[in-house]
Amino acid sequence: LIPVANFRTKTVSMIACMSSDGMIFNKFVRSGSGSSNNEKRGTNSNDFRLFLLELATMPGTQGSIILMDNHSIHGEESVRNAFIHLKEHYSIDLMFIPSHSPFLNPIEYSFELIKEAVCKSKFHQSISEIEATIKFIGLFRQKAKRVKQISQQLLQKYGGKVPDNMEELLELPGVGR
């Protein structure tokens, strides 16, 4: 469980699971700034419970052992009930590392790499920044304008997600068959 980045007043947290082969499943959870009393802050026990139940249905997870830290949400009743369900229906066991021992949990090293990559990433705010990035492409000035327009429309109309159907994709400026 790790706060990954801040987007304006929103926080994105990542819940993830890895095996000896690397990251096998992750989920990003967006929450509010916590400025109002009824606004969600961070990842809660319900987010984690849903993550566990989704993880259990993934191929190759039956008979696994989940190694976790002692975060407070891991001990809440809904999460404990999810652990019982995983044990009974998927033969998934649970193991806690000692308190204050993140160095014993291999996923913490992955989280550090992810945090570094996110902190180093750059979001282009102006058309001139986009142009500088894609200047080796033909017609880069026109394409930079289109990238900016499409980005704004994706944020405003689709909540930052790329549509998954042709009709909506073709509505984006500069997109054609």
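Using cut-offs of 30° and 60° on the angle between ring planes, the pair F48 and F51 is parallel.
Between N81 and H85, the closest side-chain pair of non-hydrogen atoms is not below 4.5 Å. When side chains are defined from C-beta on, D93 does not count as touching L86, because their heavy atoms never get closer than 4.5 Å. In this structure, M95 and M68 have side chains that are not in contact, with every pair of non-hydrogen atoms separated by 4.5 Å or more. At least one side-chain heavy atom of I66 sits under 4.5 Å from a side-chain heavy atom of L52.
For the pair T61 and A56, the tightest heavy-atom approach, listed with the atom from each and the gap, is OG1-O, 3.2 Å. A pairwise comparison of heavy atoms in S78 and R49 identifies O-CD, 3.5 Å as the closest pair. In plain terms, the two heavy atoms of V79 and I73 that are nearest each other are CG2-O, 3.2 Å. Contact between C17 and L55 at its shortest, heavy atoms only, is SG-CD2, 3.8 Å. Of all the heavy atoms in L172 and P163, the pair that sits closest is CD1-CD, 4.4 Å. Here the closest heavy-atom approach between residue L104 and residue L67 is recorded as O-CD2, 4.1 Å.
Here L169 contributes atom CG and D164 contributes atom CG; the two are 8.0 Å apart, rounded to the nearest 0.5 Å. H71 contributes atom NE2, which lies 9.5 Å from atom CD of E76 (distance to the nearest 0.5 angstrom).
Cluster membership check: I84 does not share its hydrophobic cluster with I65, using side-chain heavy-atom separations under 4.5 Å among Ile, Leu, Val, Met, Phe, Trp and Tyr. Linking ILVMFWY residues whenever their side-chain heavy atoms come closer than 4.5 Å, directly or via other members, places L94 and I15 in the same cluster. Two different hydrophobic clusters hold M58 and L50 under the rule that ILVMFWY side chains link at heavy-atom gaps under 4.5 Å.
Between the side chain of D69 and the main chain of S101, no donor-acceptor pair closer than 3.5 Å is present.
With sequence neighbours left out, Q62 forms a side chain to side chain contact (heavy atoms under 4.5 Å, CB included) with Y90.
Within a 6.0 Å radius of NZ in K145, other residues, nucleotides and ligands contribute 12 heavy atoms or fewer.
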Checklist entry - Does the pair M18 and F25 meet the rule for a side-chain contact (heavy atoms from CB on, under 4.5 Å), with working shown? => result CA-CA 7 Å; M18 67 184 291; F25 181 59; over 6 Å; no

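E171 and K157 are joined by a salt bridge, as a carboxylate oxygen and a charged side-chain nitrogen come within less than 4.0 angstrom of each other.
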